[in-house]
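The analysis underlying the following values was restricted to heavy atoms, covering all of them including side chains, and did not include hydrogens, waters or symmetry mates.
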Amino acid sequence: MERRNFLKTAILGSLTAGLSLKNNLLSAQDKSSNFGNEYDLAAVMGGEPDAMYAKAIEALGGIKKFVKQGQKVVVKPNIGWNKTPELAANTNPILVGAIIRDCLKAGAKEVVVFDHTCNNWQDCYKNSGIEEAVKAAGGKMAFGHEEKYYREVKIPGAKRLNIAKIHEAILDCDVWINVPVLKHHSGAKMTIALKNYMGIVWDRRFFHANDLQQCIADSALFSKKPILNIVDAYRIVTANGPQNHTLADVQTPKALFMSADIVAVDAASAKFFNQFTDISLADVGHINIANSLKIGTSDIDKLRVSRIMMN
């Protein structure tokens with residue numbers, strides 16, 4: 001069987017049984033259309049980013065469950081790299097635009113988007129396609145490239161990252177939505193929702209110098225949690241990430257994972273990612289640490305999961 005067809009078959013299985021593609025159980029269906037209850041986690045595959053988002057947010061109860069009239073909302077994608085959408089280093093701009101439009105439709109007063117970029121911020125904002133998508137959707141871009149935009153906070157319970165400077169947009173908003181892209185990372189093993197916290201913090205060098213995996217988990221102890229974590233897996237970087245990869249390292253499984261539980265969504269995404277690489281959930285220290293800190297659960301079997309195959 002060709003690898004492309006094998007992965008398609010395997011992915012169908014993942015959406016029916018614990019998101020473990022190698023189980024190869026083929027009976028995926030849109031469960032959210034069959035039951036009136038709301039789910040804890042949605043796993044969607046087979047559509048465009050905006051269509052998959054619509055299916056996932058419906059399964060979790062709709063955006064109005066999370067965003068209220070008049071609220072100031074921050075959408076925090078990954079915009080760290082000066083790369084085009086095809087290279088999957090940053091969150092898909094179509095997904096970002098869809099989230100912003102939904103928040104505004106729900107009555108949000110404003111929707112702000114930013115990242116503390118690794119490459120030149122102007123190049124990242126522009127070439128990722130996110131700046132254009134944000135403005136077209138009615139959102140606002142915020143600066144994140146200077147220390148003056150960050151304020152110091154304490155992180156109770158942290159083992160290494162006891163104090164951090166957090167971006168003012170996060171500190172001043174009513175709610176925020178965490179929207180990472182799923183990709184390989186040479187240091188952290190994977191970039192998912194927990195790792196995306198590094199983009200709201202000023203001193204990322206501290207993470208790398210003081211036990212990266214522990215610091216990532218510590219950052220999620222910050223008191224203002226994201227109301228939603230939406231993992232973009234439309235395109236994924238399977239090797240040489242986050243900056244040295246080429247198109248040869250990019251796969252296009254067309255998937256999306258969504259949950260209010262940041263550990264659960266990372267665990268589901270990690271299991272999915274394992275189908276494309278040798279990296280498993282057990283290899284990603286920060287997810288396991290966050291689970292032990294009870295920031296969320298990595299035991300997906302404890303959750304109500306909507307598994308949706310769009311085509």
Side-chain angles (χ1 to χ4, degrees), residues 30-33 35-44 47-79 90-115 125 129-142 144 166-181 193 196-197 199-200 222-234 255-262 264-265 296 303-306 308 310:
D30 183 348
K31 292 187 177 182
S32 64
S33 65
F35 299 94
N37 60 317
E38 297 168 4
Y39 292 87
D40 302 309
L41 188 150
V44 188
E48 294 303 300
D50 50 351
M52 290 192 293
Y53 164 77
K55 284 286 188 181
I57 194 65
E58 179 186 10
L60 266 62
I63 191 64
K64 289 185 178 181
K65 176 181 174 181
F66 302 96
V67 174
K68 308 304 181 186
Q69 183 78 30
Q71 286 188 326
K72 295 182 179 180
V73 180
V74 168
V75 172
K76 168 58 181 72
N78 190 320
I79 329 175
N90 306 300
T91 307
N92 193 293
I94 296 173
L95 174 59
V96 176
I99 297 167
I100 293 169
R101 286 190 293 272
D102 211 21
C103 290
L104 291 172
K105 186 177 179 180
K109 181 178 180 180
E110 65 177 16
V111 182
V112 174
V113 178
F114 80 95
D115 196 7
Y125 279 20
I130 290 177
E131 182 175 33
E132 181 179 0
V134 169
K135 292 179 178 178
K140 302 176 182 178
M141 295 298 299
I166 304 292
H167 194 280
E168 62 187 6
I170 297 290
L171 297 176
D172 296 338
C173 73
D174 294 303
V175 293
W176 68 286
I177 300 173
N178 188 13
V179 195
V181 61
N196 204 37
Y197 263 77
I200 72 172
F222 169 55
S223 59
K224 183 178 281 189
K225 315 294 185 187
I227 54 168
L228 275 174
N229 302 279
I230 305 170
V231 179
D232 167 28
Y234 184 83
L256 180 145
F257 301 89
M258 182 187 297
S259 180
D261 186 324
I262 194 170
V265 82
L303 305 178
R304 296 167 297 171
V305 181
S306 177
I308 305 168
M310 295 190 64

> Just wondering, do Pro180 and Tyr197 contact through their side chains at under 4.5 Å, heavy atoms?
no

> Whether Arg304 and Asp40 form a salt bridge (side-chain N of Lys/Arg under 4.0 Å from carboxylate O of Asp/Glu) is what I want to check.
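Here Asp40 pairs with Arg304 in a salt bridge, since their nearest N and O are under 4.0 Å apart.
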
> More than 12 non-hydrogen atoms from neighbouring residues, nucleotides or ligands closer than 6.0 Å to NZ on Lys68, yes or no?
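It does: Lys68 NZ has more than 12 such atoms within range.
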
> Any side-chain heavy atom of Val113 within less than 4.5 Å of one from Ile79?
yes

> Taking atom NZ of Lys105 as the centre, report whether more than 12 heavy atoms of other residues, nucleotides or ligands fall under 6.0 Å from it.
no

> Mark yes when over 12 heavy atoms from residues, nucleotides or ligands other than Lys224 sit less than 6.0 Å from its NZ; otherwise mark no.
yes

> Which atom pair, heavy atoms only, marks the closest approach of Gly296 to Asp261?
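Heavy-atom minimum between the residues: CA-OD1, 3.3 Å.
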
> Return the CD1 to CD1 distance between Ile230 and Ile57, rounded to the nearest 0.5 Å.
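Reported value, rounded in 0.5 Å steps: 6.0 Å.
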
> Between Ala106 and Lys64, what is the shortest heavy-atom contact and its length?
CB-CG, 3.9 Å

> Write down the atom of Gly47, the atom of Met310, and the distance for their closest heavy-atom approach.
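Minimum heavy-atom contact is CA-SD, 3.9 Å.
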
> Quick one: are Val134 and Phe114 in side-chain contact, heavy atoms under 4.5 Å?
no

> Do the non-hydrogen side-chain atoms of Leu95 and Tyr234 ever get within less than 4.5 Å of each other?
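Counting from C-beta outward, Leu95 and Tyr234 never come under 4.5 Å.
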
> Measure across Ala137 and Gly97 and return the closest heavy-atom pair with its distance rounded to 0.1 Å.
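Ala137 and Gly97 have their closest heavy atoms at CB-O, 3.6 Å.
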
> Would you say Lys76 and His167 make side-chain contact, with heavy atoms under 4.5 Å?
no

> Only one of Asn229, Leu60, Leu41 forms a side chain to side chain contact (heavy atoms under 4.5 Å, CB included) with Met258, so which one is it?
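Per the side chain to side chain contact (heavy atoms under 4.5 Å, CB included) rule, the option paired with Met258 is Leu60, out of Asn229, Leu60, Leu41.
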
> Distance-only, no hydrogens or angles: does the Thr91 side chain make a donor-acceptor pair with backbone N or O of Val179 under 3.5 Å?
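Yes; at least one donor-acceptor contact below 3.5 Å.
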
> So how far is it from Trp176 CH2 to Lys225 NZ, rounded to the nearest 0.5 Å?
9.5 Å

> Pairing donors with acceptors under 3.5 angstrom, does anything connect the side chains of Asn196 and Asn178?
yes

> At what distance, to the nearest 0.5 angstrom, does CG of Asn90 lie from OH of Tyr125?
11.0 Å

> Output the distance between atom CG (Asp115) and atom CD1 (Ile130), rounded to the nearest 0.5 Å.
8.0 Å

> Could you pull out the closest heavy-atom pair between Ile262 and Ala193, with the gap in Å?
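Ile262 and Ala193 have their closest heavy atoms at CG1-CB, 3.6 Å.
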
> If you compare all heavy atoms of Ile94 against all heavy atoms of Arg101, which two are closest, and at what distance to 0.1 Å?
O-NH2, 4.5 Å

> To the nearest 0.5 Å, what is the distance between CG (Leu256) and CD (Glu48)?
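These two atoms lie 12.0 Å from each other.
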
> Would you mind reporting whether Tyr53 and Ile63 have side-chain heavy atoms less than 4.5 Å apart?
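They are in side-chain contact.
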
> Find the distance between CD (Gln71) and CG (Asp174) and round it off to the nearest 0.5 Å.
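Answer for the CD-CG pair, Gln71 versus Asp174, is 5.0 Å.
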
> Would you say that Ile177 contacts Cys103 through its side chain, given a criterion of any heavy-atom pair below 4.5 Å between the two side chains?
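Result yes, sub-4.5 Å side-chain heavy-atom pair found.
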
